[in-house]
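Below you'll find the structure, written out as structure tokens, and then a few comments.
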Amino acid sequence: MIRTLLGAQNRNLWFWVFVGPFAVGLALFTYVPLLWSVWLSFFDAHNTVTPTRFVGLDNYLAMLGDGAFLSSLGTFLLFSAFIVPATYVLSLGLALMVNRVRIAQAFFRSVFFLPTACSYVVASLVWKLSIFNGVRFGLANTVLGWFGADQTAWLSSTDPPWYWLVIVTVRLWLQAGFYMILFLAGLQRISPRLYEAAAVDGAKPGWQTFRHITFPQLRATSVAVVLLLVINAFQAFDEFYNLLSDSRGYPPYARPPLVYLYYIALGSEQNLGLGSAGAVILALIIAVATIVQARWFGLGRKED
Amino acid sequence: MDQALIRAGRALRLALLLVLALLFLIPFYLLLRNGLATEADITAPDWTFFPRSLQWDNVGELFADPNLPMARALLNSSVIAVATTLGTLLLASLAGYGLARIPYRHANAVFYAILGTLMVPAAVTFVPSFVLVSSLGWISTLRGLIIPTLFSAFACFVFRQYFLGFPRELEDAARVDGLGYWRTYWRVVVPNSRPVFAAVGTIVFIGAWNAFLWPLVIGQDREAWTVQVALSTFTTAQNVNLHELFLAAAVSILPLVLVFFLLQRYIVAGVERTGIDD
């Protein structure tokens, strides 16, 4: 009997034994919420998950006409425009240097990767209450004071918007090490023969070798890194929430979509219908952006 | 001349790395500095890099404070992180193996349905997921904090890519010995795949320990707070001692730093083998 169970005709059964539990859970906790959200977004749903009043596209129109929601999308775009290239350059630079250093390579790799073990909550705590503390007792102001600079209220000054420096550096510190590891793995897969051939052809070590050998060989890694960076930037929540909100609430500037939806859906209003409409709009934008990007970099072609 | 130039370049690179390494370590130092300092030391207008005195009593004070439920939060976080890691490894590795190795007509469609969810960041599903979990009555329960997070498309994807590259000869030998998919998987494939399990497990564990949005939304009661939620609640509170908060934060990263030092080489090896970046 066991023999027949193992036969070809039972492959379908075994496929679902292996894949089924995962697929069911994913459907239940990703696909069902998505569809539910779409359904909710057409209803007036204050403080309830079983709404009765159908409002059609009203929630969508309200969100698209809501200056705060639109500015939250702008905040995300601006944030990505800073954090994606900054992390890319820093993590690639670290990988190149760590890969070639001869002394204490494991030490450097560990130090740069160590922030990965920190949460955004903990990092925000250090950034907010120790490094970039407003007027009295911060590291940044102390160091700048040595050079005679005035004290800066880093998190509350909007002109110039110093809070951007705080928000970008937290994430940069937290995530650069992880992407450095991806680049290190990519660097180690490049055949030494390529470099030997380049040297024979007269390429000088340094910029020329990097431009014509290293960088093109890292293309697959680069595509994955950029994709991960953008997806992660879409999810920005923790540092905005922990850095910028205080007991008095949340300042209206610099609020990315997720933080804004959080306040709409789960804040004092509990407007789940409106929040869901915002979530659906955001989902569509992300889907389009991801597909365009994947086509652009030719991700689909790699599958063949 | 060339030799001197190369040596100078090397020295410059090392110096730059050292400076960057120090910058990367400063936040860790500040956690400890403030955690073991007096309140006056942290808020002194003439801030100094080294605290004026070290207060080791702060450690005992932290765990005795009834306002900051650190012990309970640490317990919650540990249970959640361990359960999430084990559950994710089991579910995602089975699914990844099935997708990679069991021929099934619609396997590709299933794979793309799973992969497609990667495009839907948790950011977008949190409102409806909250709705779902609350209608199940799972708010502020361990079930609600753990079960919905167990189905990581990312982990499944990594396992599938890894198993696609797993040497077939080993499985063929098992097949000749009369083992089916199930026993081949447990007796041959899993024991030979420890690095990838360690790599994915570490990444999942770090993610679960540091997760913030989901525990914030679901773990509403004080009894269900994770370490991250407890810390976050107190960064905006008026009456908490700063040194206590910093010490609590330092304690909260200890488990991860340990896991991390034990398993770091597996992460690097795992990334290289699984082609997360391919």
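These numbers were taken from a predicted model, which means no experiment stands behind them. In what follows, chains carry the letters A, B, and so on, assigned in the order in which the sequence lines appear, proteins first and then strands, with residues in each chain numbered from 1.
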Check: F126(B) ring centroid to F237(A) ring centroid under 6.0 Å: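 Judged by ring-centre distance (under 6.0 Å), F126(B) and F237(A) do not meet the cut-off.
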Heavy-atom check, side chain of M97(A) versus side chain of L14(B), under 4.5 Å: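 M97(A) does not reach L14(B) side chain to side chain.
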Student check: side-chain heavy atoms of L94(B) and F22(A) closer than 4.5 Å: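 Sidechains of F22(A) and L94(B): no contact.
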Is it the backbone or the side chain of [X] that comes under 4.5 Å from a heavy atom of chain A, or both, or neither?
| X | result |
| --- | --- |
| S252(B) | side chain |
| L16(B) | side chain |
| A211(B) | neither |
| S152(B) | backbone |
| R10(B) | side chain |
| L17(B) | both |
| V110(B) | side chain |

First locate atom [atom1] of [X], then atom [atom2] of [Y], and finally report the distance between them rounded to the nearest 0.5 Å.
| X | Y | atom1 | atom2 | result |
| --- | --- | --- | --- | --- |
| W173(A) | I26(B) | CH2 | CD1 | 11.0 Å |
| I253(B) | S119(A) | CD1 | OG | 8.5 Å |
| L23(B) | F112(A) | CG | CZ | 9.0 Å |
| I102(B) | N12(A) | CD1 | CG | 10.0 Å |
| L132(B) | L34(A) | CG | CG | 11.5 Å |
| S130(A) | I42(B) | OG | CD1 | 8.0 Å |

Which atoms of F108(A) approach chain B - backbone, side chain, both or neither, heavy atom under 4.5 Å: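 Side chain only.
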Part of F15(A) lying under 4.5 Å from any heavy atom of chain B: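 Looking at F15(A), backbone and side chain both touch chain B.
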Expected output: side-chain Y181(B) to main-chain F18(A) donor-acceptor under 3.5 Å: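 Answer holds: no.
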